[in-house]
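Notes to accompany the following structure.
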Amino acid sequence: MSKLDNLKFEDPKFQDKDMTRRDFVKTASTALAMTAASSIIPTFAIGGMAPVKVGVLLPFTGTYAKLGSHILDAMKMRIAQNGDKLGGRKVDFTVIDSEMNVPKSTQRVNKLLKKEKANFIIGPVHSGIGINMARMLKDKKVIVVVPNAGANQITGELCAQNIFRTSFTSWQTAYPAGQVMLKEGYKKVALMYYNYAFGKQTAAAFQESFIPGGGEIVADIPTPFPKTEFQSFFTKIAAIKPDAVFTFYSGGGAIKFMKDYAAAGLQGKIPLWGTFLTEGTSRQAGAAAEGIKTTLHYSTELENATNRKFKVDFKKATGDDADVFAVQGYDAGSLLIQGMDAVGGDTDAIVDLQNALRSVKIDSPRGTFTFSKANHPIQDIYLREVQGGVNKVIGVAAKALEDPAIGCKA
Amino acid sequence: MELSFYLIQLLNGIQYGFLLFLVTSGLTLVFGIMDVINLAHGSFYMIGAYLAFWLTGIFGNLFLGIILAIPLAILVGFVVEKLAISYVYTKGHLHQVLLTYALIMVFDEAQRFLWGNDSHGIDVPAILSGSIPLTDIQVYPVYRLFVSFVCIVIAAGMFFVIHKTKLGMTIRAGASNREMTQALGINIKTLFTIVFSLGVALAAFAGMIAAPIDSLYPGMGDNILIISLVVVVIGGIGSIKGAFVGAMIIGVSSVFGETLFPDLASVIVYAMMSAILIWRPKGLFPAT
């Protein structure tokens with residue numbers, strides 16, 4: 001797809017004209033607003049009157065469109081529960097479709113930062129964009145909340161005082177799986193994952209706990225992304241006969257993976273493990289998903305009051321069933337609310353705001369969690385098994401697990 | 001690895017090749033005969049899959065769903081040809097690329113609007129849900145063999161239509177010399193409408209029949225488009241025989257490439273294409 005994007009028709013003439021007009025209107029209105037605001041409350045103009053600017057960069061088209069809309073809907077729902085206000089100020093959203101396009105993300109992030117003068121930037125889903133965004137926004141006068149992108153680096157070597165994450169790292173979801181699988185008696189494991197950064201990080205984190213514990217990797221099978229024809233790899237698995245297979249696949253690819261695995265006769269004979277494999281896909285994969293075990297920081301089946309209420313609210317607000325992505329958006333909303341309340345809505349006191357955000361305790365549908373020094377959740381990772389089409393929680397794979405944040409000097 | 005491993009991989013490769021052929025045949029037909037680059041080909045694959053998903057959901061039977069979806073797919077092809085494609089026949093490839101690229105976006109948006117952003121799967125019909133044991137643990141799903149069988153039937157059918165019928169003769173004539181065919185009293189406009197609708201129907205049918213062994217998700221057509229273009233270019237633009245051979249080469253080589261040289265998995269197909277194009281710049285069986 002990315003290659004085709006070059007073909008898009010962009011006439012610089014039209015863009016220039018458009019920009020000038022928009023810029024003019026914007027400048028004019030800002031000037032008006034400033035004059036108006038300063039004449040009423042001269043000392044606390046921005047903090048007291050102007051709405052908080054929240055820029056959103058998430059995918060609303062393509063394979064991950066649903067993730068983007070779930071994150072945004074849940075975050076807006078959380079802020080609506082707070083009277084549509086952050087620290088007493090109204091909220092003004094600017095939403096941009098990331099199209100999962102890494103090269104264009106630079107321009108889009110710049111638009112949110114410089115043109116919209118966003119106080120908060122929420123996004124993205126895609127780790128490649130996340131890394132780009134972290135590089136661009138490190139120590140800028142804006143708070144970044146990453147509601148998905150799980151690349152280790154974002155709160156690792158690229159960590160910054162102003163960059164927060166409400167989701168997970170590839171390390172955090174996969175590391176506990178190695179320990180749990182050893183405990184369940186699997187010694188020879190084959191790895192299968194999409195051959196891109198997140199898949200490779202997931203496989204590496206798994207091995208980090210599995211190999212020192214006495215496990216052996218009998219086959220390491222990266223498969224080309226986003227190809228969904230797995231038949232030849234399953235033939236290889238059948239020939240090697242490992243004790244179990246540990247995987248990273250998600251979304252449409254995961255459904256296909258589980259169905260083909262079952263159709264190849266391997267389901268039940270060689271147990272399937274993963275992280276995101278069954279998240280939001282267990283129902284569509286039907287019987288093929290039954291019995292698959294995964295380690296993740298959430299399950300819709302978690303029994304706590306916040307989760308029960310959250311699922312009902314989300315269903316009412318969107319008509320959709322909640323999932324882990326909605327939770328991450330919801331928690332991004334909670335983070336903003338609690339942080340802004342602590343500083344009385346003063347986004348100019350950026351250091352105070354950062355400190356306030358870092359010290360919040362979030363009452364999340366996944367259970368309460370706090371933030372590490374690298375601004376990443378210290379959270380429980382659950383062991384889940386698909387039973388009757390849902391991810392039943394059958395244990396806690398790791399309690400209050402903190403990402404090692406390798407390379408973070410903040 | 002034992003011999004059985006390689007035999008099963010060969011089976012996997014051939015089966016994948018059949019599927020690729022089914023997807024590609026419509027593209028090569030439209031490309032070769034009408035000289036239209038149709039980037040929206042993958043979208044028609046997607047439309048087929050979603051139509052099958054939708055109608056199977058309503059009627060509870062995949063075969064009934066497919067039978068009802070085919071006329072709808074032909075209708076889509078007909079409408080698109082009349083409203084859009086027919087205006088760019090003489091405008092050159094750039095206009096066609098722009099137009100059909102825009103169509104991708106229109107269809108992607110329509111898909112989101114009609115069926116939402118969820119990923120979906122279709123169950124294999126009960127009658128074909130069995131499997132054949134291959135080794136002590138691996139089995140081969142009957143539905144995949146059924147798909148291969150359908151592809152053979154389609155390939156034979158296309159060969160018959162193009163080489164043995166009057167319609168086929170006209171199509172071949174139109175491909176080799178448009179003006180002369182027109183001068184001899186053949187209505188080239190109608191012919192192109194038929195060919196384009198047929199091409200769309202083939203892509204959509206591939207989507208329908210592959211739906212139970214693929215999964216449905218927004219933008220699923222994009223991946224299909226790229227691999228289809230590779231197959232068409234290797235086989236020689238406009239040649240059905242070329243599309244068949246090209247699909248088999250890509251199917252078998254990607255299966256063996258992936259399992260024997262996993263590090264090179266994503267480049268093997270393209271390396272293969274480059275090698276063939278250096279050897280035969282117009283593909284293996286260029287249409288004359």
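Residue numbers start from 1 in every chain, and the chains themselves are labelled A, B, ... in the order their sequence lines are given, proteins ahead of strands.
In this structure, no portion of A:Thr281 lies under 4.5 Å from any heavy atom of chain B. For B:Pro133, no part lies near chain A; criterion is any non-hydrogen pair under 4.5 Å. For a residue to count as touching a neighbouring chain, one of its non-hydrogen atoms must lie under 4.5 Å from one of that chain's; by this rule B:Leu216 does not touch chain A.
Considering only heavy-atom pairs separated by less than 4.5 Å from chain B, the leading option among A:Pro224, A:Gly280, A:Ala287 is A:Pro224. By number of non-hydrogen pairs under 4.5 angstrom with chain A, the leading residue of B:Gln111, B:Gln15, B:Gln9 is B:Gln9. Interface remark: of the candidates B:Pro141, B:Gly13, B:Ser254, B:Pro141 forms the most heavy-atom pairs closer than 4.5 Å to chain A.
Looking at every heavy atom in both residues, B:His120 comes nearest to A:Gln284 through CA-CG, 4.1 Å. Nearest approach of A:Ala263 to B:Val139, heavy atoms of both residues: O-CG2, 3.3 Å. Between A:Gly253 and B:Ser215, the closest heavy-atom pair is N-OG, 4.3 Å.
The number of heavy-atom neighbours closer than 6.0 Å to CD1 of B:Ile127, taken from other residues, nucleotides and ligands shown, is 12 or below. The environment of B:Tyr87 atom OH is sparse: at most 12 non-hydrogen atoms of other residues, nucleotides or ligands sit within 6.0 angstrom. Annotation: B:Trp115, atom CH2; neighbour count of heavy atoms from other residues, nucleotides and ligands within 6.0 Å is above 12. More than 12 non-hydrogen atoms from other residues, nucleotides or ligands lie less than 6.0 angstrom from NE2 of B:His93.
Take B:Asp123 and apply the side chain to side chain donor-acceptor pair (under 3.5 Å) test, not counting sequence neighbours, and it matches no residue.
In this structure, CZ in A:Arg283 is found 14.5 Å from OG in B:Ser119, a value given to the nearest 0.5 Å. Atom-to-atom distance recorded for A:Ser232:OG and B:Leu260:CG is 9.5 Å, nearest 0.5 angstrom. Taking CG from B:Asn223 and OG1 from A:Thr228, the interatomic distance works out to 7.0 Å, rounded to the nearest 0.5 Å. Going from atom OG1 of A:Thr61 over to atom CE of B:Met105 covers 9.0 Å, rounded to the nearest 0.5 Å. Taking CG from A:Asn195 and CD from B:Glu258, the interatomic distance works out to 11.0 Å, rounded to the nearest 0.5 Å.
Listed for the B:Arg112 side chain is a donor-acceptor partner under 3.5 Å among the backbone atoms of A:Phe60. Distance alone, capped at 3.5 Å, places no donor-acceptor pair between the A:Lys259 side chain and the B:Asp214 backbone. Judged purely by atom type and a 3.5 angstrom limit, A:Lys256 uses its side chain to pair as donor or acceptor with the backbone of B:Ile213. Side chain of A:Gln231 to main chain of B:Asn12: no donor-acceptor pair is present (N/O by atom type, distance under 3.5 Å, no hydrogens or angles).
Looking only at side-chain heavy atoms (C-beta outward), A:Lys241 and B:Ile137 come within less than 4.5 Å of each other. The shortest distance between side-chain heavy atoms of A:Asp260 and B:Arg144 falls below 4.5 Å.
Partner of A:Thr235 under the side chain to side chain contact (heavy atoms under 4.5 Å, CB included) criterion, chosen from B:Phe5, B:Tyr6, B:Tyr140: B:Phe5.
Scanning residues 264-279 of chain A against chain B with a 4.5 Å non-hydrogen threshold yields A:Ala264, A:Gly265, A:Leu266, A:Lys269, A:Ile270, sorted by number.
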